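Hydrogens, waters and symmetry mates are skipped; everything else that's a heavy atom, side chains included, is used. Everything numeric here is computed off the predicted structure, so don't read it as measured data.
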Amino acid sequence: MKLLLAVIKQTQRQVVCVVRGCGLSSCAASGPSPLRAEVMVASSRELLQTVGSQVEVRTAFLSAQEEAAFLQELEPGLKKKRYEFDHWDDAIHGYRETERVRWGAACEEILNRVRTEAFADGRSVLGPVHVLDLDKTGYIKPHIDSVKFCGSTIAGLSLLSDCIMRLVKEDAPNEWLDLLLPRRSLYILRDQARYRFTHEILKDEESVFNGQRVPRQRRISVICRDLPV
């Protein structure tokens, strides 16, 4: 109770929590606490019920072996690139990125599982898979993806590090959701969560979820999108 009051006093805004299983990647060592069990907090219960229904965080979607399979494929190419600290639309800081169409059998099997889970309505999925490598000091600024390049759903795997994704309503900045994206989790954003809310990945020094510090390390995201309508 004292922790909850401290969080409310610090943020001066209501926080509503949803429990979705184990949170931080350190849970295996210390056992899940009530705070670590939460993966989504929002500015109001109403927002959680409406927009929260269009957001999913599936913890432990990948095994350690499956994560290693992605790293084995991605690291040789990523190591040839330098981290960039400016972006063509000023949305990302401290990143390397690439796209891949062909994958080894193990990774392709996982990506097919992602497509089945995220695009179950039969929507056509973009062929190239986007890979974004954020340095420990990197971050993604608040932005909304262009409808010219992708459709209403995005699904991403988080490798190497826990992180916080923040969604803020474009025309009402007091309405927000914070998502805890644990290492090896899958997140899915759909519809309003995609195009009426900005999304960002917080800097390491700002990486706090519901009052608890979530250290950010280097993070690789593997992202699938559907085709624009």
Side-chain angles (χ1 to χ4, degrees), residues 20-29 36 39-40 55-84 87 91-119 125-141 145 150 153-166 178-189 199-204 206-207 209 213-225:
R20 298 283 182 86
C22 183
L24 304 179
S25 60
S26 58
C27 285
R36 286 178 175 173
V39 293
M40 190 186 309
V55 176
E56 295 182 57
V57 178
R58 304 192 182 187
T59 61
F61 187 83
L62 297 177
S63 67
Q65 292 76 16
E66 289 172 327
E67 179 186 52
F70 274 107
L71 296 176
Q72 185 175 2
E73 286 207 35
L74 293 172
E75 286 287 35
L78 290 173
K79 286 180 178 179
K80 296 176 182 178
K81 299 176 178 288
R82 293 183 178 179
Y83 283 105
E84 303 288 341
H87 189 259
I92 315 176
H93 178 89
Y95 72 100
R96 302 185 290 199
E97 64 182 340
T98 188
E99 289 188 337
R100 288 180 71 101
V101 176
R102 293 189 175 88
W103 297 83
C107 293
E108 187 63 36
E109 182 179 349
I110 299 164
L111 290 170
N112 284 336
R113 198 166 89 229
V114 171
R115 296 176 185 118
T116 299
E117 296 286 340
F119 309 99
V125 181
L126 280 169
V129 174
H130 186 206
V131 178
L132 182 62
D133 178 0
L134 277 184
D135 181 63
K136 177 179 169 56
T137 62
Y139 54 93
I140 301 177
K141 301 177 183 179
D145 295 332
C150 47
T153 302
I154 184 172
L157 297 168
S158 295
L159 312 181
L160 294 178
S161 178
D162 304 326
C163 70
I164 308 302
M165 176 180 283
R166 175 165 294 163
D178 277 359
L179 309 178
L180 172 62
L181 305 183
R183 180 179 182 178
R184 297 193 286 272
S185 65
L186 170 71
Y187 73 86
I188 304 171
L189 306 181
H199 60 277
E200 61 186 296
I201 297 294
L202 300 185
K203 302 176 182 178
D204 175 49
E206 299 172 352
S207 189
F209 180 79
R213 178 86 169 95
V214 180
R216 250 278 322 281
Q217 306 299 325
R218 177 192 175 204
R219 173 183 182 256
I220 296 176
S221 51
V222 179
I223 304 165
C224 297
R225 298 180 173 94

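- With sequence neighbours excluded, the residues satisfying salt bridge (charged side-chain N to carboxylate O under 4.0 Å, His left out) with D204 are K136, R213.
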Quick one: side chains of residues 98-106, donor-acceptor pairs under 3.5 Å with protein atoms, not counting sequence neighbours, listed by atom name and distance.
from: R100; atom 1: NH2; to: E73; atom 2: OE1; distance (Å): 2.9
from: R100; atom 1: NH2; to: R102; atom 2: O; distance (Å): 3.4

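- Not counting sequence neighbours, the partners of E117 by the salt bridge (charged side-chain N to carboxylate O under 4.0 Å, His left out) test are R58.
- For S207 (side chain) and V214 (main-chain N/O), a donor-acceptor pair under 3.5 Å exists by modelled atom type.
- Take H130 and apply the ring-ring contact (aromatic ring centres under 6.0 Å, His included) test, not counting sequence neighbours, and it matches no residue.
- Not a single donor-acceptor pair under 3.5 Å links the side chain of D135 to the backbone N or O of Y95.
- Looking at residues two or more places apart in sequence or on another chain, you find no side chain to side chain donor-acceptor pair (under 3.5 Å) involving R216.
- Under the ring-ring contact (aromatic ring centres under 6.0 Å, His included) criterion, Y139 pairs with H93, sequence neighbours left out.
- Among residues two or more places apart in sequence or in another chain, the ring-ring contact (aromatic ring centres under 6.0 Å, His included) test is passed with Y187 by none.
- Across R219 and S161, no two heavy atoms sit closer than the pair CB-CB, 4.2 Å.
- Residues satisfying the side chain to side chain contact (heavy atoms under 4.5 Å, CB included) test with R218, not counting sequence neighbours, are E75, L78, Y83, R96, D133, L160, I220.
- Under the side chain to side chain contact (heavy atoms under 4.5 Å, CB included) criterion, T153 pairs with F119, R123, I188, R190, D226, not counting sequence neighbours.
- Judged as a salt bridge (charged side-chain N to carboxylate O under 4.0 Å, His left out), and not counting sequence neighbours, E84 has no contacts.
- Looking at residues two or more places apart in sequence or on another chain, you find a side chain to side chain contact (heavy atoms under 4.5 Å, CB included) between N112 and E108, R115.
- With sequence neighbours excluded, the residues forming a salt bridge (charged side-chain N to carboxylate O under 4.0 Å, His left out) with E66 are R113, listed by chain and number.
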